[in-house]
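Letters A, B, ... are given to chains in the order of the sequence lines, protein chains preceding strands, and every chain is numbered from 1. Reckoned from all heavy atoms, side chains included, excluding hydrogens, waters and symmetry mates.
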There are 2 protein chains.
Amino acid sequence: IIAARELTRQYGQGESTVHALAGVSLDVEPGEMVALMGPSGSGKSTLMQILGLLDRPTSGTYELRGRSVAQIGSGEAARLRGRRIGFVFQSINLLPRLTARSNVELPMVYARMKPPERRVRVSESLERLGVGHLAHRRPSQMSGGQAQRVAIARAIAPGPDLLLADEPTGALDRASGQAVLAAFQELNRDLGLTIIVVTHDPLVARHAGRIVELEDGRVVADRQVEDR
Amino acid sequence: IIAARELTRQYGQGESTVHALAGVSLDVEPGEMVALMGPSGSGKSTLMQILGLLDRPTSGTYELRGRSVAQIGSGEAARLRGRRIGFVFQSINLLPRLTARSNVELPMVYARMKPPERRVRVSESLERLGVGHLAHRRPSQMSGGQAQRVAIARAIAPGPDLLLADEPTGALDRASGQAVLAAFQELNRDLGLTIIVVTHDPLVARHAGRIVELEDGRVVADRQVEDR
Ligand SMILES: Nc1ncnc2c1ncn2[C@@H]1O[C@H](COP(=O)(O)OP(=O)(O)OP(=O)(O)O)[C@@H](O)[C@H]1O
Ligand SMILES: Nc1ncnc2c1ncn2[C@@H]1O[C@H](COP(=O)(O)OP(=O)(O)OP(=O)(O)O)[C@@H](O)[C@H]1O
Ligand SMILES: [Mg+2]
Ligand SMILES: [Mg+2]
């Protein structure tokens, strides 16, 4: 589903150039669950943004479902992001003036899904993440972990086939984090959802089928794990 | 340094009242390091905001250094927050248009600290958190963990005697998290800095002298720990 070769991403120019990615290659098969790990600043969020069509690489190639993203225009990228790619941001990124349910609904509105189907998906995903009772709250009226779970609901509600989750359990206690992980595993096993999750949490990593480690913008390890 | 009795905090009214805190009492001696733990939504951030003079309780009393906060006006509260209380927010909360160094400097500007002293403290605190090389970057030009460390630098730079850190290692890998913890312990032991840290990380909790657990807005456990 993902075939990336020699991705680089630079910020700035000349002496102050930051090489956030310095040649990352990665293949992900449909139905895999991959944990992406590495030190702070190693390029994980940068890689996730490129994979999720939120950013373009400076050089290198990326094929999503066999199609080179260089040929995907911004309109089509937006539709893909709304319907087929779920993205959980490291900084949560809920719209502060919208309720939880409106925040979850928004990508499906952009994807032109019909209102009855949207409504069902909003309730189901909020319930699944244990925050159904917060549907009418705004982000400022929720705890950090509650907001994070609303952001996860937003990513899975449209029924994507690729979920990119950047530190989805960072603000969660053990129990809530395990519940999120259980939801991910359920979607992975029952619906074949391909998942790439950035995490510092060894518990999350243990449940993935494979661990990819970044350091200084490069892949330094890529191994299968059997502890499931 | 902290003497809180029967703190309550309600949001909303009537049927939809949320009891974020339902009677929390807590004493903290100078020089203690306390880990505050509990499930998502249990009231940790709400309690931290009241202790840090960012919010007032609905009822109950809070004495900070022997003085009832009911008698502290907003001007004085602002000065205390700028100089004597360091606060690390769960959502980081850096000002997006300012550089890292300006973000760190701001509370000291409000506290009317002189420029030469401010500048030294800015550099030292950024260096201590391993992000000195990012002084001129804006928050959007940093990784999540780098931004979190800048927020921690901002909290410790003025040399407060009380540090309130709400999930300061949530976005950090193991190594960076341990470095932050080491910095906290150093300040606690060498300077007697009183620290209350909200955490889900058992590693952080093990290094505190005491663990306080919240559930549904109440203290359900308060115990000393010896594993240091
Ligand atoms: N403005 C508000 N209006 C209504 N309810 C609120 C508001 N702010 C917070 N709450 C509720 O108060 C409760 C306590 O929130 P708080 O942020 O203190 O939890 P927390 O323990 O910090 O959780 P987390 O670990 O997820 O950060 C939660 O149930 C939250 O939904
Ligand atoms: N706009 C920018 N300008 C300059 N440098 C940038 C910019 N955005 C990111 N960086 C740098 O790129 C590098 C990789 O950042 P990235 O956010 O991908 O790291 P990360 O692995 O997600 O880190 P963390 O675990 O802390 O979230 C970092 O060194 C960061 O400072
Ligand atoms: Mg990141
Ligand atoms: Mg909180």
Would you mind writing out the side-chain donor-acceptor pairs for residues 11-21 of chain A within the sub-3.5 Å range, not counting sequence neighbours?
{"residue": "Ser16(A)", "atom": "OG", "partner": "Gln13(A)", "partner atom": "O", "Å": "3.2"}
{"residue": "Thr17(A)", "atom": "OG1", "partner": "Gly14(A)", "partner atom": "N", "Å": "3.1"}
{"residue": "Thr17(A)", "atom": "OG1", "partner": "Gly14(A)", "partner atom": "O", "Å": "2.8"}

I need the contact set between residues 166-177 of chain B and chain A: heavy-atom distance under 4.5 Å, sorted by residue number.
Glu167(B), Gly170(B), Ala171(B), Leu172(B), Asp173(B), Ser176(B)
Can you check whether anything in residues 44-54 of chain B gets within less than 4.5 Å of chain A, heavy-atom wise, and list it by number?
none
Anything in residues 143-152 of chain A with a heavy-atom distance to chain B below 4.5 Å? Please list those residues in order.
Ser143(A), Gly144(A), Gly145(A), Gln146(A), Arg149(A)
Would you say [atom1] of [X] has more than 12 non-hydrogen atoms from neighbouring residues, nucleotides or ligands within 6.0 angstrom?
{"X": "Arg210(B)", "atom1": "CZ", "answer": "yes"}
{"X": "Asp216(A)", "atom1": "CG", "answer": "no"}
{"X": "His136(A)", "atom1": "NE2", "answer": "no"}

Please determine, among Gly38(A), Gly41(A), Ser40(A), Pro39(A), the option with the most heavy-atom pairs under 4.5 Å with chain B.
Ser40(A)
